[in-house]
Amino acid sequence: MSAIKCIGILTSGGDAPGMNAAIRAVTRAAIYNGIAVKGIYRGYKGLITGEIVPFKTENVSNIIQHGGTILKTARCLEFKTPEGRKVAYDRIVEEGIDALVVIGGDGTLTGARIFAQEYNYPIVGIPGTIDNDLFGTDITIGYDTALNTIMDAVDKIRDTATSHDRLFFVEVMGRDAGFLALNGAIASGAEAAIIPEIAVEKDQLAETIENGFRKSKNSSIVLVAESDITGGAMGVAERVKTEYPQFDVRVTILGHLQRGGSPTAQDRILASRMGAAAIDALLEDQRNVMTGIQNDQIVYVPFSKAIKNDKPINRELLNTLRILSI
Ligand code: ADP
């Protein structure tokens, strides 16, 4: 029998569509295995303030289709201090929580790793971030939904871009990762993507312009990953205004709409599998790992690997985009 009788579950950092499906899966898989569940509200903040309630199966009914997170999320600076984490640990002991399942991105898993080491405490992480920037998993929860949102938005922008013969720079999220920009560009038939991963290798704007992407077309759309490295869509557009003044340039920043919406089937399935796998991990005595998916198989990735390594982009996709945009 596992020593774990009760788990706490929280969502933290940036929200992502599919987090609710993950909360549902963790809760139900735990209860199925005879483990009690406590929902912790507002991420690590709720651990410190004690916003913790027992969860039954009905607490997670009718949520799989909703974006956002019913547990709310927050950024908690106090958890970054040893004093804050001590309060959190005391609360966990008081509540009788034997292990934590945390759903979030890079920051959330970093906090989990530090806490787990400090208190020798079992934590399993689930990658919930639209940015897809965690190493060791092919995809993260929310990424597919965000990609579809970007595709829909760019389809609409293309209607107006074509009517006016305009060059549009569309900024997408990614927090210094180009997955959304690159795959969003392929999915929406955009002409190019400007991403941080290859920014030091070449001048992507100059290359895009020099390749004459406008020659055979009356409109162009370039997706730009938000990042200080790319300069974002505004930075790129400013450059065009001075270096290539012949273009009629417009900028659209998609912003937070990329975080919302009903999760796609892929995100719901991914979240359901990862949620169940998180409980399996705890039952198998795995510690301080993130659930991942590689070649459609569940894997467990040590926190240290998931957060320390830069996840590489698939360079074949860059080539595909270049070929298809002629
Ligand atoms: P995300 O999980 O989406 O990357 P953040 O980077 O905002 O989001 O991190 C979420 C929360 O994780 C932070 O508000 C903080 O409570 C916790 N956290 C992040 N980094 C650390 C750290 N170095 N030490 C302790 N906690 C951290």
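Numbering starts at 1 and runs along the sequence shown. Counting starts at 1 for both ligands and their atoms, in listed order.
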Relative to the heavy atoms of G13, which atoms of ligand 1 are at a distance of less than 4.0 Å? 1 (P), 2 (O), 3 (O), 8 (O), 10 (C)
Pairing donors with acceptors under 3.5 angstrom, does anything connect the side chains of T264 and N148? no
Quick check on E316: does its CD atom have over 12 non-hydrogen neighbours (other residues, nucleotides or ligands) under 6.0 Å away? no
Any idea which protein heavy atom is nearest atom 14 (O) of ligand 1, and the distance to it? C76 N, 2.7 Å
Can you see whether R268 engages S262 through a side-chain donor-acceptor pair at a distance of less than 3.5 angstrom? yes
Please check this pair: side chain of T160 against backbone of I157, looking for a donor-acceptor N/O pair closer than 3.5 Å. no
Consider every N or O of G105 and every N or O of ligand 1, then say whether any pair is closer than 3.5 Å. yes
Among G111, A74, P127, whose heavy atom sits nearest atom 27 (C) of ligand 1? G111
Mind checking whether Y143 and F179 have parallel, tilted or perpendicular rings, split at 30° and 60°? perpendicular
For atom 7 (O) of ligand 1, the protein heavy atom that lies nearest, with its residue and separation: R75 NE, 2.3 Å
Look at atom 11 (C) of ligand 1 and say which protein heavy atom is nearest, naming residue and atom and giving the distance to 0.1 Å. S12 OG, 3.5 Å
Which pair of heavy atoms, one from V224 and one from A233, lies closest together, and at what distance? CG1-N, 3.7 Å
Once the angle between the rings of F55 and Y41 is folded into 0 to 90°, is it parallel (under 30°), tilted (30 to 60°) or perpendicular (over 60°)? perpendicular
Taking distance alone, with no angle check, do T110 and ligand 1 share an N/O pair under 3.5 Å? no
Is G104 in polar range of ligand 1, meaning some N or O pair under 3.5 Å apart? no
How does I114 reach ligand 1, if at all, at less than 4.0 Å between non-hydrogen atoms: by side chain, backbone, both, or neither? side chain
Give me the residue, atom name and distance of the protein heavy atom closest to atom 2 (O) of ligand 1. T108 OG1, 2.5 Å
For atom 3 (O) of ligand 1, what's the nearest protein heavy atom and its distance? G14 N, 3.0 Å
Just by distance, no angles: are the side chains of S61 and R28 close enough, under 3.5 Å, to form a donor-acceptor pair? yes
Identity and distance of the protein heavy atom lying nearest atom 21 (C) of ligand 1: K80 CE, 3.6 Å
What I want to check is whether the side chains of T73 and D15 have a donor and an acceptor closer together than 3.5 Å. no
Students should be able to answer this: which protein heavy-atom is nearest to atom 12 (O) of ligand 1, and at what distance? G107 O, 3.4 Å
Under 4.0 Å between heavy atoms, the region of Y44 that gets near ligand 1 turns out to be side chain
Region of K45 that comes within reach of ligand 1 [heavy atoms, distance under 4.0 Å]: neither
Looking only at heavy atoms of R175, does any of them come nearer than 4.0 Å to an atom of ligand 1? yes
Quick one: are F135 and I307 in side-chain contact, heavy atoms under 4.5 Å? no
